[in-house]
Amino acid sequence: LYLSSVQSLDPLPMHGRDLDVHPEDFMETPDQGQDSKQEILENKDVVVQHVNIQGLGRTKEDLLGYEISDVFHAKNLIDVMKRAHVARQRLLRLGIFKDVEVLIDTSEGTDALPNGLDVTFEVTEVKRLTGSYNTMVGNNEGSMVLGLKLPNMLGRAEKLTFQFSYGTKETSYGLSFFKPQPGHFERNLTLNMYKVTGQFPWSSLKETDRGVSAELNFPLGVTNHTLKWEGVWRELGCLARSASFAVREESGHSLKSALSHTVSVDSRNSAIFPSRGALLRINQELAGYTGGDASFLKEDFELQLNRRLFWDSVRSFCILSRFYLGGPTSVRGFGMYSIGPQSEGDYLGGEAYWAGGLHLYTPLPFRPGKGGFGDLFRTHFFLNAGNLCNLSYGDGPRAHLQKLAECIRWSYGAGIVLRLGNIARLELNYCVPMGVQSGDRICDGVQFGAGIRFL
């Protein structure tokens with residue numbers, strides 16, 4: 001890796017996401033003396049002699065060596081272009097450069113080979129301090145987010161972030177430090193300190209969490225893993241004077257120390273409107289083993305299969321488990337988390353739960369706005385089902401499964417879905433709830449939902 005100032009006689013700029021360029025498009029012939037050398041470059045193997053980087057300030061050189069070293073292995077001109085494009089994408093992925101341009105030129109100097117090339121990356125580093133203001137949509141709630149960020153803090157893609165969020169149901173602020181492993185950006189460590197205040201009107205409950213956490217992310221084969229430790233001081237209180245006694249006796253302070261592990265395999269072609277692929281996510285959380293007065297074992301399992309049908313239709317099947325059930329992001333046609341055990345109108349959640357859905361997505365009728373804004377919308381037909389209950393642990397697994405199979409809530413309906421980027425989506429559905437049990441809160445008719453993860 002050479003760090004130098006290079007001026008090319010006939011540089012080849014390469015920037016943008018698609019480098020669909022052919023050699024004949026850029027090989028100019030300013031004079032007859034260059035014809036033989038250019039013919040060698042077009043038709044024969046080449047050697048990348050030097051890779052130069054211009055524009056570095058606080059970034060450490062050893063970090064970039066991992067990202068661009070593959071360019072030296074290119075064997076021909078097209079291969080150089082492809083590997084340089086991949087290296088450019090890897091540099092941008094670090095989040096420390098505002099812009100990266102690539103220049104490819106024939107080698108000059110006494111050590112230049114007839115088929116030698118020099119590749120130069122011209123980089124523009126991001127500012128030392130950046131700020132942001134945006135709005136976010138969560139699972140049926142919205143928030144305003146203010147943030148300050150110190151990117152590339154120590155010169156090796158580290159990031160220190162402060163974030164303040166004020167939402168319709170919660171207010172939070174936190175400080176996080178992110179550190180990737182050089183050469184393996186997917187392997188990273190995140191340290192967090194935070195305070196979160198949230199409201200849960202379906203349970204007449206408000207909660208304030210103050211905590212610290214350490215999170216390690218790494219790929220292993222086709223799977224992605226997250227190991228996390230979290231220590232939280234939790235304060236629970238009543239949201240209203242009418243809160244039930246069952247909620248009041250849960251009020252107070254507690255300490256939670258928990259270890260968790262998440263493994264996922266995601267082959268979907270889109271997180272919002274997938275037309276093929278599958279998602280498998282398994283999460284396990286163990287609290288109490290490392291201290292604190294909260295002790296439990298929680299397991300979440302999510303499976304999603306997507307397959308393209310006729311006329312651009314997509315069918316998906318999803319199974320997941322949660323403590324609370326119901327609402328526009330889970331079993332539609334029911335109130336938000338308003339299925340299962342409750343006391344005086346306050347929903348208490350359950351110890352065991354399951355939910356599933358069968359969905360059919362199609363383009364809008366007559367395809368208005370095809371190729372443009374209309375592609376953000378889908379027509380949505382769904383059938384949801386699920387159940388949530390408490391268990392008697394002396395009864396055994398067979399009795400538990402039998403209890404979960406009783407009094408199943410289900411619903412069906414149709415509506416319109418709008419994709420918001422590749423992160424969230426909005427749904428407007430007409431729902432028909434079925435299997436309603438005493439105490440369930442239903443939403444019979446039009447129901448609106450906004451969120452990131454949907455059943």
Side-chain angles (χ1 to χ4, degrees), residues 16-20 82 85-86 89-90 92-93 137-140 185-186 217-226 262-283 300-322 327-332 354-386 410-429 431 449-455:
R17 295 181 60 86
D18 185 10
L19 301 181
D20 187 15
K82 290 181 179 179
H85 174 60
V86 171
Q89 296 299 102
R90 290 173 63 90
L92 289 173
R93 179 187 60 172
V137 57
N139 287 326
N140 222 38
F185 189 75
E186 300 82 3
N217 298 281
F218 59 95
L220 186 62
V222 298
T223 62
N224 292 298
H225 295 256
T226 300
T262 302
V263 56
S264 64
V265 181
D266 191 354
S267 62
R268 298 173 299 171
N269 60 337
S270 171
I272 305 300
F273 285 154
S275 60
R276 63 179 183 273
L279 168 67
L280 172 63
R281 181 184 291 114
I282 302 173
N283 179 73
D300 295 327
F301 171 82
E302 182 176 350
L303 173 65
Q304 186 182 113
L305 303 175
N306 302 279
R307 180 174 298 175
R308 182 179 296 276
L309 302 179
F310 50 88
W311 300 327
D312 289 334
S313 300
V314 178
R315 176 184 61 190
S316 66
F317 178 72
C318 183
I319 301 174
L320 68 155
S321 55
R322 297 182 179 179
T329 61
S330 60
V331 180
R332 296 160 179 83
W354 68 269
L358 183 64
H359 301 263
L360 179 66
Y361 299 94
T362 69
L364 295 177
F366 308 111
R367 305 297 294 269
K370 182 179 180 181
F373 186 68
D375 288 346
L376 300 178
F377 292 85
R378 291 290 188 276
T379 305
H380 178 216
F381 303 91
F382 67 88
L383 173 65
N384 293 156
W410 62 284
S411 64
Y412 64 91
I416 301 293
V417 181
L418 169 64
R419 175 170 62 87
L420 300 177
N422 201 33
I423 300 176
R425 75 188 200 187
L426 306 179
E427 287 190 6
L428 184 63
N429 296 314
C431 307
I452 299 172
R453 293 177 60 184
F454 282 79
L455 171 65

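Quick caveat: nothing in here was measured; it's all calculated off a predicted structure.
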Compare every heavy atom of [Y] with every heavy atom of [X], then report the nearest pair and how far apart it is.
X: W410; Y: A385; answer: CB-CB, 3.8 Å
X: F454; Y: R332; answer: CD2-NH2, 3.6 Å
X: S411; Y: V331; answer: OG-CG1, 4.2 Å
X: F382; Y: A414; answer: CE2-N, 3.7 Å
X: P328; Y: G449; answer: CB-CA, 3.6 Å

Working to the nearest 0.5 Å, report the span between [atom1] of [X] and [atom2] of [Y].
X: N384; Y: S330; atom1: CG; atom2: OG; result: 8.0 Å
X: I282; Y: F301; atom1: CD1; atom2: CZ; result: 5.5 Å
X: F218; Y: T223; atom1: CZ; atom2: OG1; result: 8.0 Å
X: F377; Y: L426; atom1: CZ; atom2: CG; result: 9.0 Å

Checklist line | Test log, rule side-chain contact (heavy atoms from CB on, under 4.5 Å), inputs R281 and T262 | finding: CA-CA 7 Å; R281 181 184 291 114; T262 302; 4.0 Å; yes
Notebook entry, point to check: Do the side chain of N306 and the main chain of R268 share a donor and acceptor less than 3.5 angstrom apart?
Noted result: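 No: the side chain of N306 does not pair with the backbone of R268.
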So, do [X] and [Y] sit near enough that their side-chain heavy atoms are less than 4.5 Å apart?
X: V263; Y: L280; value: no
X: K370; Y: P363; value: no
X: R425; Y: R378; value: no
X: S275; Y: N269; value: yes

Check: Angle class for the H359/Y361 ring planes (parallel below 30°, perpendicular above 60°, tilted otherwise)?
Finding: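 Parallel, since the angle between the ring planes stays under 30°.
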Note to self: Please evaluate residues L364 and I416 with respect to the criterion side-chain contact (heavy atoms from CB on, under 4.5 Å), reporting the C-alpha separation (whole Å), side-chain torsions for both, the decisive distance (0.1 Å), and the verdict.
What the structure shows: CA-CA 8 Å; L364 295 177; I416 301 293; 3.9 Å; yes
Margin query: Is there a side-chain contact (heavy atoms from CB on, under 4.5 Å) between N224 and N217? Walk through the geometry before answering.
Written below: CA-CA 7 Å; N224 292 298; N217 298 281; over 6 Å; no
